There are 2 protein chains.
Amino acid sequence: MNGHDLAMALRGAYLAMHRRTDALMTPFGVTADQFVVLCALAEGDALTQRELVIRTSSDPSTSRAMLVLLERRQLIERRPHPTDGRARTVSLTVEGKRIHRDLWRKSEAFRKELLADLAQDDVASLVSHLRRLTSAMEEDHPGFASTPERRPVDRTI
Amino acid sequence: MNGHDLAMALRGAYLAMHRRTDALMTPFGVTADQFVVLCALAEGDALTQRELVIRTSSDPSTSRAMLVLLERRQLIERRPHPTDGRARTVSLTVEGKRIHRDLWRKSEAFRKELLADLAQDDVASLVSHLRRLTSAMEEDHPGFASTPERRPVDRTI
DNA sequence: TATTGTTATACTCTATAACTATA
DNA sequence: TATAGTTATAGAGTATAACAATA
C-alpha cells in the first residue's frame, strides 16, 4: 500500500461523494461546491471572503466566481465590512437559509450512509488522518486555502 | 465527528492533493487529472476507454475529452479493438511513456510526503476505509465509474 | 508594504442527451 | 436489447496575473 494507492483511493472517494452530492443538489439548481459555500455561511454568518476561501478549501478567484453566481440567484449577499474598508462580508439571504436548510435535510440520509460502515472510532481516526494529510500537503505550499478546521468566528462585525 | 466533518475533511484533503499535483505537473503541460490517465495506462496498457473510465473514476464523456487532448499532444494513441468492433484501445505513445516516467519521478517526493506522517498500518487502514466509503457511495448509484481497484487486464488483445 | 478583493482571460473538467455502430 | 463510443452543447470550477483600494 503506497502513496499512489492512497492518492487514488482519496480521488475515488472524493469524486464518488461529489457526484452523489451533485445528483442530490442539482434538482434545486445548486451544485455540490455551492452547497459547501452555503454550509460554511450557515456555520459562520457574515464571513469575509478571505475567511470563506479558507473554510471552503478554495481560492479567491474561484470563490468570487461562485459568489457572483450565488448572489445572482439571491442566495447570498455581500456588504462592505464595517471596520475593514478593503473587505466584504458574505451572508446567506433568507432564501439562502431556506435552501440550505432544505438541502441539508435532503442530504441527511447520504451523510448517514457515509458513516454506516464505520465505527465511531474509525470516523474519528479517518477524519484526523485526512486533516493531518491536508496539513502536511499545505505546509510551505499555502496557496490560499488552508486546513478547514473550525476557527473562532470573527466577532468584530 | 459527523458525516459533514468527514465530507469536508475528504474535500480538503483531495483538493490539497490536486493542487499540489497540478503545481508539480503544470510545468510539463500536463494536468493532475491527465496524469491519472497516464498512470492508469502505464499500469495497464491497451485498455478500452470503458475500462479506463472505471480505473480513473471518471465518466465516458469527460474521459473522451481528456483523451482527445492527450491524443492531440501525442501522449496517447487509440486503435480499433482487434476483437470488439465497437471498442477502441488506448495506449501510451513512446513520448507518453517518457512523460509519464518523468512525472512519476518528479512526484515521488510528494508521494513520500503523503506517507510521512502515517504508520504503515495507518496507510492500509486509511486506504481500506476510503475504498469502503467509495463502494458504499457507488452502491446502487453506479454512474459510470466504480471502485478503482486493480482488475485483471484484458488479454484478449 | 502587505492585504482584500476585482477584473480579464483562458482552459480543463464535467455531464446530459441524442446519436451511430456493433455485440 | 445492451454496450462502446461520439457529438453537440453547456456550464462550473479553476487559476494566473495585473490591478485598485485600504490597512
Side-chain angles (χ1 to χ4, degrees), chain A residues 11 14-23 25-27 29-37 47-54 56-73 78-90 141-145 154 156, chain B residues 11 14-27 29-37 47-54 56-73 78-90 141-145 154 156-157:
Chain A
R11 173 184 163 91
Y14 172 74
L15 291 177
M17 176 179 78
H18 198 269
R19 279 191 190 106
R20 284 289 302 274
T21 311
D22 252 346
M25 308 284 155
T26 296
V30 173
T31 67
D33 295 302
Q34 289 170 359
F35 180 63
V36 170
V37 172
L47 302 173
T48 63
Q49 293 190 197
R50 187 188 159 285
E51 187 60 31
L52 193 57
V53 160
I54 292 171
T56 56
S57 310
S58 187
D59 77 284
S61 194
T62 303
S63 195
R64 181 187 177 269
M66 296 180 65
L67 290 179
V68 167
L69 290 178
L70 289 169
E71 204 167 29
R72 198 175 295 160
R73 299 198 44 214
R78 291 185 289 171
R79 295 182 213 276
H81 191 285
T83 67
D84 186 338
R86 299 167 303 180
R88 303 177 72 174
T89 62
V90 188
H141 298 267
F144 287 94
D154 178 7
T156 65
Chain B
R11 172 185 165 90
Y14 172 74
L15 291 177
M17 177 179 77
H18 197 268
R19 278 191 191 105
R20 283 290 302 274
T21 310
D22 253 345
L24 219 53
M25 307 284 155
T26 295
V30 174
T31 67
D33 294 301
Q34 289 170 358
F35 181 62
V36 170
V37 172
L47 303 173
T48 62
Q49 292 190 196
R50 187 188 160 286
E51 188 59 31
L52 192 57
V53 160
I54 292 170
T56 56
S57 311
S58 187
D59 77 285
S61 194
T62 303
S63 195
R64 181 186 177 272
M66 295 179 67
L67 290 178
V68 167
L69 290 177
L70 290 169
E71 204 168 29
R72 197 175 296 159
R73 298 196 46 212
R78 291 185 290 171
R79 296 182 214 275
H81 190 285
T83 67
D84 185 337
R86 300 168 303 180
R88 303 177 72 175
T89 61
V90 189
H141 297 266
F144 286 95
D154 179 7
T156 66
I157 305 175

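Quantities reported herein were computed from a predicted structural model and do not represent experimental measurements. Chain letters run A, B, ... following the sequence lines, proteins first, then strands; residues in each count from 1.
As rounded to whole Å, 14 Å separates atom P of D:dA4 from atom CG of B:Leu52. Atom pair B:Leu70:CG and C:dC13:C1' shows a separation of 12 Å (rounding to whole Å applied). As rounded to whole Å, 8 Å separates atom P of C:dT6 from atom CG of A:Leu67. Nucleotide C:dA23 holds its C1' atom 12 Å from the NE2 atom of B:His81, rounded to whole Å. Atom CZ of B:Arg78 is separated from atom P of D:dG5 by 9 Å (rounded to the nearest Å). If you take CD of A:Glu51 and C1' of C:dT3, they are 14 Å apart, rounded to a whole angstrom. Whole-Å rounding puts the B:Glu71 CD to D:dG5 P distance at 13 Å.
Although no hydrogens or angles enter the test, the distance criterion places a donor-acceptor pair under 3.5 Å between the side chain of A:Asp22 and the main chain of A:Ala32.
Comment: A:Arg11 engages B:Asp33 in a salt bridge, judged by a side-chain N to carboxylate O separation of less than 4.0 angstrom.
For B:Arg50 and D:dA4, the shortest distance from a side-chain N or O to OP1 or OP2 is below 4.0 Å. Applying the 4.0 Å criterion to OP1 and OP2 of C:dT12, one finds that B:Arg73 has every side-chain N and O outside that range. Close to C:dT6, at under 4.0 Å from its OP1 or OP2, lies a side-chain N or O of A:Arg64.
For a distance-only test at 3.5 Å, the side chain of A:Arg86 qualifies as a donor-acceptor partner of the base of C:dT3.
Under the side-chain hydrogen bond (donor to acceptor under 3.5 Å, both in side chains) criterion, B:Thr62 pairs with B:Asp59, not counting sequence neighbours.
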Quick one: what's the B/S/- string for nucleotides 9-15 of chain D, heavy-atom cutoff under 4.0 Å, read 5' to 3'? ---SSBB
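Atom CZ of A:Arg78 and atom CG of A:Leu70 lie 10.0 Å apart (nearest 0.5 Å). Taken to the nearest 0.5 Å, the OG atom of A:Ser61 stands 12.0 Å off from the CE atom of A:Met66. Rounding to the nearest 0.5 Å gives a distance of 5.5 Å between CD of B:Gln49 and CG of B:Leu67.
Of all heavy-atom pairs between B:Pro82 and B:Thr89, the closest is CD-CG2, 4.4 Å. Here the shortest heavy-atom pairing between B:Val30 and B:Met25 reads O-CB, 2.9 Å.
Distances were taken from every side-chain heavy atom of B:Asp84 (C-beta onward) to each of C:dA23, D:dT6, C:dA2; the shortest belongs to C:dA23.
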Step-by-step side-chain contact (heavy atoms from CB on, under 4.5 Å) determination, A:Thr83 to A:His81: CA-CA 6 Å; A:Thr83 67; A:His81 191 285; 3.0 Å; yes
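For the helix from C:dT1-D:dA23 to C:dA23-D:dT1, the angle separating the two terminal helix axes comes to 20°, with each axis derived from five pairs and the value rounded to 10°.
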